[in-house]
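What follows is a single structure, written as structure tokens, with notes after it.
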Number of protein chains: 2
Amino acid sequence: MARTQGSHSDITGPRIREAALRLFAQHGYAAVSMRQIAKEVGVQAGALYNYTPDKQSLLFNLMAGHMAELQAAWDSVPQADSALERLRAFTGFHIRFHLERPDAVFIAYMELRNLTEENFTVIESLRRDYENGVEGILKQGVEQGVFAIPDTKIATLAVIAMLNGVNTWYRSEGRLSLDEVERVYWGMVQKAVST
Amino acid sequence: MARTQGSHSDITGPRIREAALRLFAQHGYAAVSMRQIAKEVGVQAGALYNYTPDKQSLLFNLMAGHMAELQAAWDSVPQADSALERLRAFTGFHIRFHLERPDAVFIAYMELRNLTEENFTVIESLRRDYENGVEGILKQGVEQGVFAIPDTKIATLAVIAMLNGVNTWYRSEGRLSLDEVERVYWGMVQKAVST
DNA sequence: CTTTTTTCTGAACGTTCGTTCAGTTATTGT
DNA sequence: ACAATAACTGAACGAACGTTCAGAAAAAAG
């Protein structure tokens with residue numbers, strides 16, 4: 001046997017990335033074998049190497065793709081004038097974006113240590129870009145006198161860490177709707193940074 | 001060769017656990033081999049099995065030990081009467097305890113997926129116990145009218161997630177002292193939950 | 001000093017790992 | 001219809017994996 005019926009790189013490629021994403025998130029990069037990914041897709045392990053030069057690149061591309069998506073999505077959110085309104089928009093955006101991609105988020109935060117040094121540097125840089133955007137809002141708020149925070153960098157990381165926590169417990173079948181979750185978190189974020 | 005000079009279980013045992021803790025935190029449980037741990041300690045891989053029945057137990061015992069320490073340490077902190085003061089004490093305790101054990105904390109949060117089902121249940125239960133203690137403070141504060149939070153469970157997780165974030169960036173050589181970090185975070189926590 | 005116990009070595013077990021590649025089949029282009 | 005290309009199989013490579021165990025050396029007990 002060789003090429004299979006209906007096989008096409010436009011189909012197999014995405015399916016490999018999806019399977020890898022799910023398995024990496026579930027069991028961890030190091031614990032998942034190329035053969036497991038291949039089995040999920042329905043091909044032999046060797047076939048994966050038509051789509052990625054190696055396992056490490058597979059991980060890196062998933063993470064880099066996620067960070068790029070995150071930044072692009074946030075960039076496309078219209079920015080209000082007031083820092084308060086911009087922070088509110090960010091809170092909602094961040095919660096929703098992350099809840100829609102729990103696996104990618106999990107990997108982006110947990111598999112940093114399994115990246116090679118160069119790949120790690122790239123991902124870290126992308127993350128810093130995103131964080132700097134948030135810090136910009138906080139700085140603006142401080143200048144405008146609506147936010148009272150002794151250290152915008154720490155506050156940035158604290159806010160993001162708090163919002164990221166949603167992914168650890170939120171279940172769509174749970175007792176709270178997305179809107180309610182957003183409202184609760186916005187309440188806390190707002191109070192935490194306001195004067 | 002066989003038993004080596006100066007070898008003693010009181011020394012080798014702890015050294016194995018320390019090496020495993022550090023390596024698991026650095027590279028991840030699945031990515032670390034028993035031979036790597038053994039090399040770090042200066043013994044052959046087979047010698048590890050005098051101290052743990054298998055690799056999984058090594059991980060579980062590290063995590064369970066950490067959670068037990070955490071709970072015991074918090075239990076030994078004297079509790080004030082007012083919810084505000086109790087929450088302040090918790091904030092300081094949590095930050096300091098976690099910053100003193102970055103590796104153990106990292107493992108306890110990141111390696112849950114590498115536990116067997118039964119072991120996972122045990123660790124999760126220990127974590128819930130700890131979280132319930134915090135939620136108790138928030139509930140008390142709501143009853144006393146000093147805290148305004150629509151959902152104490154979410155607020156608990158949000159506060160803990162925010163505080164845990166410290167471990168991702170804090171370096172003892174950094175520009176902020178432990179006291180300053182504690183003050184900054186307490187400011188945000190306090191405002192986030194207060195009326 | 002002799003015996004017992006503790007601690008470790010070194011080799012080996014079967015299994016799985018990431019990766020490569022010649023060959024085969026399905027699809028696409030002419 | 002045939003030729004060219006794209007997609008995949010199946011077997012193989014050496015290396016590394018967790019774990020076991022008989023035996024040897026050091027330490028402790030007598």
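Sequence lines set the chain letters: A, B, ... in the order given, protein chains first and strands last, and positions in each chain run from 1.
Among D/dT9, C/dC8, D/dC17, the nucleotide with an atom closest to any side-chain atom of B/Ala2 is C/dC8.
A/Arg35 has its CZ atom 14 Å from the P atom of D/dC13, to the nearest Å. To the nearest angstrom, P of C/dC8 lies 18 Å from NZ of B/Lys39. With rounding to whole Å, B/His8 atom NE2 is found 6 Å from C/dT7 atom P. The distance from atom OH of B/Tyr29 to atom C1' of D/dC17 is 12 Å, rounded to the nearest whole Å. Regarding A/Ile37, its CD1 atom lies at a distance of 13 Å from the C1' atom of C/dT19, rounded to whole Å. Look at CD on A/Gln5: it is 15 Å from C1' on D/dT9, rounded to the nearest Å. Remark: P of D/dA27 and CG of B/Asp10 are 14 Å apart, rounded to the nearest angstrom. Taking atom CE of residue B/Met34 and atom P of nucleotide C/dT16, one finds them 18 Å apart after rounding to whole Å.
A close approach under 4.0 Å does not occur between any side-chain nitrogen or oxygen of B/Ser9 and OP1 or OP2 of C/dT6. Contact check, A/Ser7 against C/dT25: no side-chain N or O comes under 4.0 Å of OP1 or OP2. The side chain of A/Ser33 places an N or O atom within less than 4.0 Å of a non-bridging phosphate oxygen (OP1 or OP2) of C/dC17.
Salt bridge present: A/Arg88 and A/Glu85 bring a charged side-chain N and a carboxylate O closer than 4.0 Å. At a threshold of 4.0 Å, the pair A/Glu111-A/Lys55 does not count as salt-bridged, since none of the basic side-chain nitrogens sits closer than that to a carboxylate oxygen. A/Arg127 and A/Glu124 are joined by a salt bridge, as a carboxylate oxygen and a charged side-chain nitrogen come within less than 4.0 angstrom of each other.
Counting atom types as modelled, B/Arg3 pairs no side-chain N or O with a base atom of D/dA24 as donor and acceptor under 3.5 Å.
As judged by a 4.0 angstrom heavy-atom cut-off over every strand, B/Val32 is placed among residues touching the sugar-phosphate backbone only.
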Open item on the list: The test is ring-ring contact (aromatic ring centres under 6.0 Å, His included); show your working for A/His94 and A/Tyr130 and say whether it passes.
Closed with: CA-CA 11 Å; A/His94 190 87; A/Tyr130 183 69; 5.7 Å; yes
TODO: Report the C-alpha separation of B/Glu131 and B/Arg128 in whole Å, then their side-chain angles, then the decisive distance to 0.1 Å, and conclude whether the salt bridge (Lys or Arg N to Asp or Glu O under 4.0 Å) test is met.
DONE: CA-CA 5 Å; B/Glu131 290 170 357; B/Arg128 238 189 318 276; over 6 Å; no
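Contact check of residues 44-60 of chain A against DNA chain D (heavy atom, cut-off under 4.0 Å) returns A/Gln44, A/Gly46, A/Ala47, A/Asn50, A/Tyr51.
Considering only residues two or more places apart in sequence or on other chains, B/Glu100 meets the salt bridge (Lys or Arg N to Asp or Glu O under 4.0 Å) condition with none of them. B/Arg101 pairs by the salt bridge (Lys or Arg N to Asp or Glu O under 4.0 Å) definition with B/Glu69, not counting sequence neighbours.
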